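Scroll down for the structure; my scribbles are underneath it.
On a predicted model such as this, the values are computed, not experimentally measured, just so you know.
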Amino acid sequence: YSGELQLTAVAAHGRAVKKGDLILSVDRAPIERQIAAADNEGRGARAAADKAKGDLDLAARADALALAQSETALRDADTQFRVFVEIEGKHQVENADLLVRYAEEALTDQKEELDQLLKMYKTEELTNATSEIVVRRTRRQMERSETFLRMQREEAKLVKSVRHPQQVNQLQQTAASARASLDTLRSQQALSKIQREVEAVKTQAALQQQEEQLAKLRRDLDRLPWKAPFDGTAYLGNFHQGQWATAEAELRRVIRENPE
């Protein structure tokens, strides 16, 4: 305790005292108020220390979950890129070529059918109206097939030159972004962990300091009132190096009587 104290009782100067007799007593209220305030501050410091410790545990679990999610996102991105390059992308290009070939073969077949129809109508006795209908229908189908073939060729070119490269690039960027996010998360988590640990140490140190201060105040209060530790004479003054310096000082000393 470092504040002022009000005396409530003092042994008379030069009075003979027995062990346990009252030497000096003070008003205990100021110390008790400081003890109450320190106790309240101690509870706050304890709560802060407990929270900091709890935050370490909670953050560790949250970091582990976030890290696992980020690692999973990277694995998924890498897998999607690899699967597209090795399988789906190849199928995309091959399918475009296959549709072109189907269209080419269909058009070739229709041309051959038209040629055969024209030869057949020359040898068979069919009415002009019937032959014209069949031939006209076949030629319209050929025109549609030619249009479809042109579209498929353009589509195949678009797939190879634009869509397939775009998807490869997008998947590469997604994987790179997932990798960068994971690296950033690891860095941020490492820094945050250090900050939380520092905060936990600070709050624990503050709690220890508060508990020590409270213990000192309680020890000071337990020493009150001051009583003679042995039989002797009570003197008022400041006794220093064998001399009484002043009679105005508030320090009280008990001088053991000379048994001689």
Side-chain angles (χ1 to χ4, degrees), residues 1-67 185-257:
Y1 178 76
S2 59
E4 294 183 355
L5 290 174
Q6 182 177 0
L7 298 177
T8 58
V10 181
H13 182 68
R15 174 190 170 189
V17 294
K18 298 292 185 181
K19 181 180 179 180
D21 285 352
L22 179 68
I23 299 296
L24 182 147
S25 66
V26 298
D27 183 7
R28 297 164 59 95
I31 300 178
E32 290 173 343
R33 285 195 294 270
Q34 278 202 10
I35 288 175
D39 190 41
N40 287 333
E41 292 176 0
R43 285 196 291 270
R46 168 64 67 184
D50 291 343
K51 181 180 183 300
K53 185 177 182 300
D55 287 346
L56 281 176
D57 297 335
L58 290 174
R61 291 195 292 270
D63 284 353
L65 178 60
L67 186 62
L185 178 63
R186 285 172 173 164
S187 177
Q188 290 175 341
Q189 286 185 348
L191 177 60
S192 297
K193 182 181 179 182
I194 292 173
Q195 292 173 338
R196 290 191 297 269
E197 290 173 346
V198 169
E199 183 63 23
V201 170
K202 288 171 60 178
T203 56
Q204 189 62 38
L207 172 62
Q208 183 177 353
Q209 182 179 10
Q210 196 63 38
E211 289 177 340
E212 290 174 355
Q213 177 64 20
L214 180 60
K216 289 178 181 178
L217 288 170
R218 285 173 172 165
R219 286 196 299 269
D220 289 345
L221 186 63
D222 290 340
R223 294 190 182 102
L224 300 177
W226 289 303
K227 296 182 179 181
F230 41 73
D231 294 349
T233 302
Y235 289 98
L236 172 63
N238 182 11
F239 190 77
H240 180 63
Q241 295 181 349
Q243 301 292 327
W244 289 102
T246 175
E248 298 177 357
E250 294 183 355
L251 179 62
R252 304 308 191 262
R253 299 293 186 185
V254 176
I255 309 302
R256 184 185 297 275
E257 289 183 336

If the condition is side chain to side chain donor-acceptor pair (under 3.5 Å), which residues does Arg46 pass it with, not counting sequence neighbours?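 Once residues adjacent in sequence are excluded, the partners of Arg46 under the side chain to side chain donor-acceptor pair (under 3.5 Å) criterion are Glu211.
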Listed partners of Glu212 passing side chain to side chain donor-acceptor pair (under 3.5 Å), at least two apart: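 Glu212 satisfies side chain to side chain donor-acceptor pair (under 3.5 Å) with Gln208 only.
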What pair of heavy atoms forms the shortest contact from [X] to [Y], and how long is it?
X	Y	answer
Leu56	Ala200	CD1-CB, 3.7 Å
Thr203	Ala49	OG1-CA, 3.6 Å
Trp226	Val26	CZ3-CG1, 4.5 Å

Distance (rounded to the nearest 0.5 Å) between Gln204 CD and Asp50 CG: 8.5 Å
If you measure from CZ on Arg219 to CD1 on Ile31, what distance do you get to the nearest 0.5 Å? 13.0 Å
All pairs passing salt bridge (Lys or Arg N to Asp or Glu O under 4.0 Å) where residues 15-33 contributes a residue, at least two apart: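 Qualifying pairs, neighbours excluded: Arg28-Glu32.
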Would you call Arg218 and Asp222 a salt bridge, taking side-chain N to carboxylate O under 4.0 Å as the test? no
Run the salt-bridge test on Asp220 and Lys216 with the 4.0 Å N-O cut-off and return the result as yes or no. no
When you measure from the side chain of Gln210 to the backbone N and O of Ala45, does any donor-acceptor pair fall under 3.5 Å? no
Between Ser25 (side chain) and Ala9 (backbone), is there a donor-acceptor pair under 3.5 Å? yes
